[in-house]
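Computed from heavy atoms alone, side chains included, the values below leave out hydrogens, waters and symmetry copies. We count ligands from 1, going down the list as the structure has it; atoms in each ligand are counted the same way. Because the structure is predicted, anything quoted here is derived from the model rather than measured.
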Amino acid sequence: MNAIAEVAVIGAGEVGARSALALRRLGFAGSIALIGEDPLEPYELPPLSKDFITSEEAPRTKTIASLADFAAAQIDYRRGVAARALDRGQKRIVLSNGETMGYGRLLIASGSSPRRLAIPGIAPDEVHVLRNAAEALALRDAFRPGRKVAVIGGGFIGLELASSARKRGAHVSVIEGLDRILKRGVPAEIASVVEARHRQAGVDFHVNTSILSGETRAGRHYLKLSDGTMLEADVIVVGIGAVPNTGLAEAAGLAIENGIRVDDQFRTSDPDIFAAGDCANFPHPVYGGRRLRLESWRAAVEHAAHVARAMMGETVRYDAAPWFWSDQYDLVLQVAGLIDEGETTIRRPIGGETFLLGHFAADGRIVAASGIGPGDSVARDLRLAEMMIQRSMTPDPAIFADPAASLKTLLKPK
Ligand SMILES: Cc1cc2nc3c(=O)[nH]c(=O)nc-3n(C[C@H](O)[C@H](O)[C@H](O)COP(=O)(O)OP(=O)(O)OC[C@H]3O[C@@H](n4cnc5c(N)ncnc54)[C@H](O)[C@@H]3O)c2cc1C
């Protein structure tokens, strides 16, 4: 059976589910189809490395929108169905259930996939990755008291999983190829707070270390590390970054550049096809049109709202500062803006162990802020710094550094 949708959306994750509903809210009256390969109702990914694994009760996904929401909005939600090919000439999508679907306009919101690591001597299906609920469930089951977990990659997902595995009573070793954890996008001062907290919880680190080979004997893995260690592990999980899901777009001839290349209206090189979220590479006006591909929950939520408006024919300006957070143990770390745009760093103590770093460009603009502390202790000041970043402000560094001065005073027009 063949169907036609005036708007088709590929990928029913954060961007796909939200933008389909947003189109309806904005008054789009035509037919909408949402194609999602995951069999579950659309759900949030951030809890999967955190509460979903550590909760005492049986884990449940945090639903973004229910079947009833889609039915009420008259959205034809195809769950458990993947888009396999895209024919731009005929304006149709080939689906995994054998159907084809015609479209008027298309949004690709296919997200990203974990980068895989082949370990010589270890069967690929023995190496866990995390992107969806089924994989999170497998990890939750594997993280048991006394078991040995090798986490490969000291980035956000790896470290959140290390924290969750410790909370479940497993022993954890983190193996990081670079000279420190969180090297991409997090200042060394914050990374060292994170590392100290992990060490306090009993996590063991091997930095500047790669895996030379492995072996599995009687259900246990043995990893030969480049630092000379022979590491025993019951569970191996890899968190070494993600790659954008661009396969369909690339095969269909759309412009690709570390993601699906879109303009400032989230339009691809085909005027009838849009892309947003983890899979899209877009120009950011706050950073002089620098192209970015973000893997962040809030960016996905904001992209969904903006791309829906752009698909309705509005001219949108997406200028939100990039922002993400990570929860590990009692600590929350947050980063807003782009740290590599900064030349100098100003430290602002906030009280207790909490602190904020302001990253300033040579012309005095604040281009990023990063902070860490227990619970929401860094949230307020980080939010204020984020507003300065978005407005390309040049706050006085002395006031920024002074914990007695409110950052709000810096937001007032001079
Ligand atoms: C474990 C984990 C923890 C995270 N924690 C944080 C955090 O603490 N803070 C933060 O800021 N961000 C976090 N993120 C990142 C954030 O969740 C993502 O950036 C966001 O979900 C991206 O939204 P998206 O819609 O682009 O992609 P997704 O939410 O991944 O949605 C894409 C969907 O498309 C589907 N799909 C792909 N290809 C096809 C196809 N051909 N046909 C049909 N369907 C397809 C996928 O199955 C998926 O459901 C985390 C991500 C993960 C995986």
Ligand 1 N/O within reach of [X] N/O, cut-off under 3.5 Å:
X      : value
Ala83  : yes
Ser296 : yes
Ser49  : no

Does any non-hydrogen side-chain atom of [Y] lie less than 4.5 Å from one of [X]?
X      : Y      : result
Arg79  : Asp38  : no
Tyr43  : Asn132 : yes
His303 : Phe282 : yes
Ile339 : Pro187 : yes
Tyr103 : Val7   : no
Leu254 : Arg88  : yes
Pro322 : Leu292 : yes

Heavy atom of the protein closest to [atom] (residue, atom name, distance):
atom                    : answer
atom 4 (C) of ligand 1  : Pro46 CA, 3.5 Å
atom 26 (O) of ligand 1 : Asp278 N, 2.9 Å
atom 2 (C) of ligand 1  : Ile157 CD1, 3.3 Å
atom 51 (C) of ligand 1 : Leu45 CB, 3.9 Å
atom 12 (N) of ligand 1 : Trp297 N, 3.2 Å
atom 32 (C) of ligand 1 : Ala109 O, 3.4 Å
atom 29 (O) of ligand 1 : Glu14 N, 3.2 Å
atom 31 (O) of ligand 1 : Gly13 CA, 3.2 Å

Below 4.0 Å from ligand 1: does a non-hydrogen atom of [X] turn up there or not?
X      : result
Val81  : yes
Gly36  : yes
Glu160 : yes
Arg84  : no

Any idea which atoms of ligand 1 are less than 4.0 Å away from a heavy-atom of [X]?
X      : result
Leu130 : 1 (C)
Arg131 : 27 (O), 28 (P), 30 (O), 53 (C)
Ile10  : 40 (C), 42 (N)
Ile35  : 43 (C), 44 (N)
Ala82  : 42 (N), 43 (C)
Phe324 : 11 (O)
Gly277 : 26 (O)

**OP:** Look up atom 48 (C) of ligand 1 and tell me if a protein heavy atom lies less than 4.0 Å from it?
**Re:** no
Would you tell me whether [X] and [Y] have side-chain atoms, one donor and one acceptor, within less than 3.5 Å of each other?
X      : Y      : answer
Thr61  : Glu44  : no
Asp278 : Ser112 : yes
Glu215 : Ser213 : no

Original post:
Honestly, is Arg197 close enough over Tyr329, meaning NZ or CZ under 6.0 Å from the six-membered ring centre and within 45° of the axis?
Top reply: yes
Subject >> Candidates Thr209, Leu117, Val127 - the one meeting side chain to side chain contact (heavy atoms under 4.5 Å, CB included) with Ile152 >> reply: Leu117
Original post:
Given Ile108, which of Val9, Thr246, Leu86 fulfils the side chain to side chain contact (heavy atoms under 4.5 Å, CB included) condition?
Top reply: Leu86
**OP:** Anything under 30° is parallel, anything over 60° is perpendicular, the rest tilted; go ahead and classify Tyr77 against Phe70.
**Re:**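 If you compare the ring of Tyr77 with that of Phe70, the planes turn out tilted.
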Between [X] and ligand 1, which part of the residue brings a heavy atom under 4.0 Å of the ligand: side chain, backbone, both or neither?
X      : result
Asp327 : neither
Lys50  : side chain
Trp325 : both

Subject >> Arg199 atom CZ: more than 12 heavy-atom contacts under 6.0 Å >> reply: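 Correct, the count exceeds 12.
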